[in-house]
Amino acid sequence: MESKSIALENEHDIAVARNEVRVLAVGLGFRLVDQTRLTTVASELARNVIKYARRGRMIAQPTRNPAGRNGLRLIFEDSGPGIPDIGAAMRDGFTTGGGLGKGLPGSKRLVDEFEIESAPGHGTRVTVARWA
Amino acid sequence: MNGSRIPILKVGRVLIVPIQVDMDDQTVMHLQERILSELERTGARGVLIDISMLETVDSFIGRVLSDIAAMARIMDARTVVVGMQPAVAITLVELGLELRGVDTVLNVDEGIKLLRDEFGIRDADDGLEHRELSMFDGEQVNRT
């Protein structure tokens, strides 16, 4: 399966990203609960892009590890204000956006791999992966 | 993109809201407003939200469900969320969401029973009347 890039430019694109991830996860043979985890992570991280950076994109990369196990990697990138304190942003309940502060720490618990890079003033990239 | 509609049904003194499709954020917010205005208009005492067809509940929808329950409570109505899929429940807990203030039960039957027995909401006005109050135009995301 090929990688897909989804533009995140308004709130409706969050639903589009969710749907795209669900379809890919089904195609890759993820079981239902993992489909739900991935779809939920996509929703949380896509919403962060819209909320904090106004626009960006999600890249969904079907992948396979050396053992032949299918996986799905999702990359969320934007050129927004960035995250000044990643340590704080990863703590449950911390929010600067009026939300519940579950987006980043909660998403991390739903995937096998989680990486966040951010340069204040330049943008943020969050990369997650889960193996089927 | 197809237009889809989320009905709000009134059965006795309970509003029943069957959510059948994935909703974007705006659709969720509009649904919240509809439910509250129907509560005011009809004097219903209970709200039963059926999410058995909902495949994803993220922190946004989770918060709106809590908000609906809190707002309905202020309007003297109780809210029950029914039919959460097991995969959704697992994901919600891992995400760290509690759905504060929201009672959840397995199915519509249990939901009606809870509203009736625990919260004392009787079909006082018109028994088993079952009519559609309003349709809400939302947007559906097509599966591709």
Side-chain angles (χ1 to χ4, degrees), chain A residues 1 4 6 8-27 30-51 60 90-95 97-112 114 130, chain B residues 1-6 19-33 51-70 83-102 136-144:
Chain A
M1 270 190 273
K4 278 204 164 178
I6 306 284
L8 302 172
E9 288 169 356
N10 58 54
E11 283 182 351
H12 186 73
D13 293 334
I14 301 168
V16 173
R18 251 192 329 251
N19 188 50
E20 207 56 64
V21 167
R22 172 80 64 175
V23 170
L24 284 169
V26 170
F30 279 94
R31 64 204 176 103
L32 179 61
V33 64
D34 284 336
Q35 294 168 26
T36 305
R37 287 183 175 114
L38 281 163
T39 308
T40 306
V41 166
S43 195
E44 297 293 333
L45 297 179
R47 182 170 292 103
N48 278 355
V49 169
I50 301 290
K51 191 151 94 183
M90 290 305 298
R91 278 203 297 277
D92 271 299
F94 179 88
T95 179
L100 296 172
K102 296 292 181 190
L104 286 177
S107 294
K108 187 177 182 182
R109 289 191 287 269
L110 293 174
V111 292
D112 295 319
F114 184 98
R130 188 158 182 112
Chain B
M1 230 81 66
N2 288 333
S4 76
R5 307 193 297 170
I6 297 167
I19 300 175
Q20 307 276 352
V21 291
D22 188 33
M23 299 176 290
D24 66 18
D25 293 5
Q26 212 161 10
T27 308
V28 175
M29 294 313 296
H30 286 183
L31 182 63
Q32 172 180 313
E33 286 165 26
I51 61 166
S52 57
M53 301 293 283
L54 211 52
E55 294 180 315
T56 310
V57 175
D58 63 5
S59 62
F60 178 76
I61 294 186
R63 184 174 63 167
V64 173
L65 289 174
S66 286
D67 287 351
I68 289 172
M84 184 182 292
Q85 296 181 12
V88 171
I90 291 167
T91 302
L92 271 184
V93 170
E94 290 176 352
L95 198 58
L97 282 190
E98 299 161 37
L99 294 190
R100 222 174 329 131
V102 180
F136 168 67
D137 285 312
E139 269 192 319
Q140 178 179 9
V141 182
N142 279 331
R143 289 287 159 79
T144 46

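Hydrogens, waters and symmetry mates are skipped; everything else that's a heavy atom, side chains included, is used. Convention: sequence-line order gives letters A, B, ...; per-chain numbering from 1.
Between B:Asp25 and A:Arg47, at least one side-chain N (NZ, or NE/NH1/NH2) sits under 4.0 Å from a carboxylate O, which counts as a salt bridge.
Rounded to the nearest 0.5 Å, atoms CD (A:Glu11) and CZ (B:Phe60) are 6.5 Å apart. How far CG of A:Asn19 is from CG of B:Asp24: 12.0 Å, rounded to the nearest 0.5 Å.
Among A:Asp13, A:Thr39, A:Val41, the residue making the largest number of heavy-atom pairs under 4.5 Å with chain B is A:Thr39. Ranking B:Val88, B:Ile61, B:Asp58 against chain A, the residue ahead of the rest is B:Asp58, based on heavy-atom pairs under 4.5 Å.
Remark: side-chain polar atoms of A:Arg109 are paired, donor with acceptor, to backbone N or O of B:Leu95 under 3.5 angstrom. Side chain of A:Glu44 to main chain of B:Ser59: a donor-acceptor pair is present (N/O by atom type, distance under 3.5 Å, no hydrogens or angles).
Looking at A:Ile14, only its side chain comes within 4.5 Å of chain B, counting heavy atoms on both sides.
No side-chain heavy atom of B:Asp22 sits under 4.5 Å from any side-chain heavy atom of A:Arg22. B:Glu55 places none of its side-chain heavy atoms less than 4.5 Å from the side chain of A:Leu32.
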